[in-house]
Amino acid sequence: MLEAHIAFEVAAWTESLTETLSAQTNVVFEWLDGVTLGSVFSEADLDALIDAIVIPDVSASVMAMRWWALNDQTPIDELMDREDYDRAARAVASLSDLQEEVVEQVTTSKVYGNLISHVLFNGIRNYVMTESPIARVPGASSLMRMGQNAFDTAAPRLSKGIERQLTAFVAANLQDSLRDSRTYLTTVVDEQAMTDIADEAWERNAGSTLAEIAGLIGEDALTELLAIGQDVIAYLVATPTFRGALQTVLDESSGRTVGELLAEAGITADMIIAMVRPWILRAADDGLLEQFVRERLTAFYSTY
């Protein structure tokens, strides 16, 4: 009887696998249509889930993908539809509040202030040395073209005086220049400008191949970025903010059925069957399926 029962179960999960999976999976999905998420998943379950999260090391897989990409000559415009790109560009361009915040953050940074100071100083100095009345003094332009050292030797007081005056002028007017640049950027960086930038980016890069894009990121840099990303995610998962975000999602969906949520995610019974079927068949080929069935049924027949 035991051997007959084992053979029956093994046949059901091999020869009649599709029928067996379909019948049981459909029953489960019908049941899930009446089970709410909140009835099976509590706050304690959420805490357990977060505690059990392990950030996987995907560096080997990403490196393999990079190697593959380095040998793929497919252009970008064959990997992304232009209409989808334009939709994404329009969505980003409409984020006016974000654009203003980015401009504010950039133009109030020390790095941007140093950049403006450098541009102003060198622009004014170049004007003084090439276009101003001083540069038109007989012989002065020739000396200026010979370089700063030659000019310092020929007219040290004039050169140092110009340097001091320019430095003082730039320092005195830096805040006005920063404010003007911020106003200008806020004015010109509008939805149309962002759309134009996106169009130019597409025109320049649509013909670039996947291999060319992948080649822009070195292997060492990618390894370091992956390690950093893993650490950042691990830290984020442990924060109350992450838990609060998941709790909000759980609270929002607690009254909805699991079946509804699965359907919304595109997970169907046919999908589950297609994904599980090859694994069960492989387990059967390796003898693992029969081993599980035999151990389970032998325990029953030994007891009764």
Side-chain angles (χ1 to χ4, degrees), residues 58 61-63 65-124 126-127 170 173-219 221-226 228-230 232-233 236 241-242 244-246 248-249 252-253 261 263-266:
V58 297
S61 299
V62 173
M63 288 301 174
M65 292 178 61
R66 177 181 180 273
W67 178 86
W68 166 78
L70 287 171
N71 295 277
D72 192 316
Q73 300 301 320
T74 305
I76 299 301
D77 58 2
E78 291 185 14
L79 300 176
M80 175 181 287
D81 185 74
R82 178 62 191 270
E83 183 177 347
D84 293 334
Y85 175 84
D86 289 340
R87 287 172 56 204
R90 287 194 297 270
V92 173
S94 65
L95 301 175
S96 57
D97 291 341
L98 177 61
Q99 294 165 18
E100 292 180 5
E101 183 61 26
V102 170
V103 170
E104 177 70 19
Q105 293 280 344
V106 170
T107 56
T108 55
S109 70
K110 291 182 178 179
V111 174
Y112 185 79
N114 292 335
L115 174 62
I116 292 296
S117 296
H118 176 77
V119 171
L120 287 173
F121 181 84
N122 286 278
I124 297 173
N126 290 337
Y127 166 76
V170 170
N173 292 273
L174 180 59
Q175 292 305 315
D176 290 338
S177 299
L178 291 174
R179 186 165 47 253
D180 290 342
S181 68
R182 182 162 56 251
T183 301
Y184 175 76
L185 288 175
T186 303
T187 301
V188 299
V189 181
D190 55 9
E191 187 169 345
Q192 183 58 50
M194 295 294 293
T195 301
D196 293 341
I197 291 173
D199 289 341
E200 291 179 6
W202 176 270
E203 296 301 330
R204 289 184 179 183
N205 299 294
S208 299
T209 65
L210 188 59
E212 292 172 339
I213 301 299
L216 297 176
I217 304 177
E219 184 174 342
L222 182 56
T223 300
E224 181 65 13
L225 288 173
L226 288 171
I228 294 172
Q230 188 171 5
V232 169
I233 295 174
L236 175 63
T241 299
F242 180 79
L246 291 186
T248 300
V249 174
E252 180 68 24
S253 304
L261 294 172
E264 191 174 272

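Counting all heavy atoms, side chain and backbone alike, Leu120 lies closest to Ser177 at CD1-OG, 3.5 Å. Of all the heavy atoms in Thr108 and Arg182, the pair that sits closest is CG2-NH1, 3.7 Å. Across all their heavy atoms, Ala93 and Met194 have their closest contact at CB-CB, 3.6 Å. Heavy atoms only, all atoms of each residue included: Ala91 and Leu95 are closest at O-CG, 3.5 Å. Here the closest heavy-atom approach between residue Ala201 and residue Tyr85 is recorded as CB-OH, 3.7 Å. Across all non-hydrogen atoms, the minimal contact from Glu100 to Thr186 is CG-CG2, 4.3 Å.
Atom OG1 of residue Thr107 and atom OH of residue Tyr184 lie 14.0 Å apart, to the nearest 0.5 angstrom. Rounded to the nearest 0.5 Å, atoms CD (Gln175) and CD1 (Ile116) are 11.5 Å apart. Note that the CZ atom of Arg90 and the OG1 atom of Thr195 stand 8.0 Å from one another [nearest 0.5 Å]. Here the CD-CG distance, from Gln230 to Leu225, works out to 13.0 Å after rounding to the nearest 0.5 Å. Remark: Leu216 CG to Leu222 CG distance equals 12.0 Å, nearest 0.5 Å. Rounded to the nearest 0.5 angstrom, Ile213 CD1 and Asp72 CG are separated by 12.0 Å.
Side-chain contact between Trp68 and Leu210 is present, with at least one heavy-atom pair separated by less than 4.5 Å. With a 4.5 Å cut-off on side-chain heavy atoms, Ile76 and Asn205 do not count as touching. With contacts defined as side-chain heavy-atom distances shorter than 4.5 Å, the pair Val62/Leu226 qualifies.
In this structure, Glu212 contributes its side chain and Thr209 its backbone to a donor-acceptor pair below 3.5 Å. No donor-acceptor pair closer than 3.5 Å links the side chain of Tyr112 to the backbone N or O of Gln105. Judged by distance alone, with hydrogens and angles left aside, the side-chain atoms of Asp84 form no donor-acceptor pair with the main-chain N or O of Met80 at under 3.5 Å. Glu191 places no side-chain N or O within donor-acceptor distance of the main-chain N or O of Ser96, the cut-off being under 3.5 Å.
Applying the 6.0 Å contact sphere to CD of Glu219 captures no more than 12 heavy atoms from other residues, nucleotides or ligands. Heavy atoms of other residues, nucleotides or ligands lying less than 6.0 angstrom from CE of Met63 number more than 12.
One finds a salt bridge joining Arg82 and Asp86 here, because a Lys/Arg side-chain nitrogen approaches an Asp/Glu carboxylate oxygen to under 4.0 Å.
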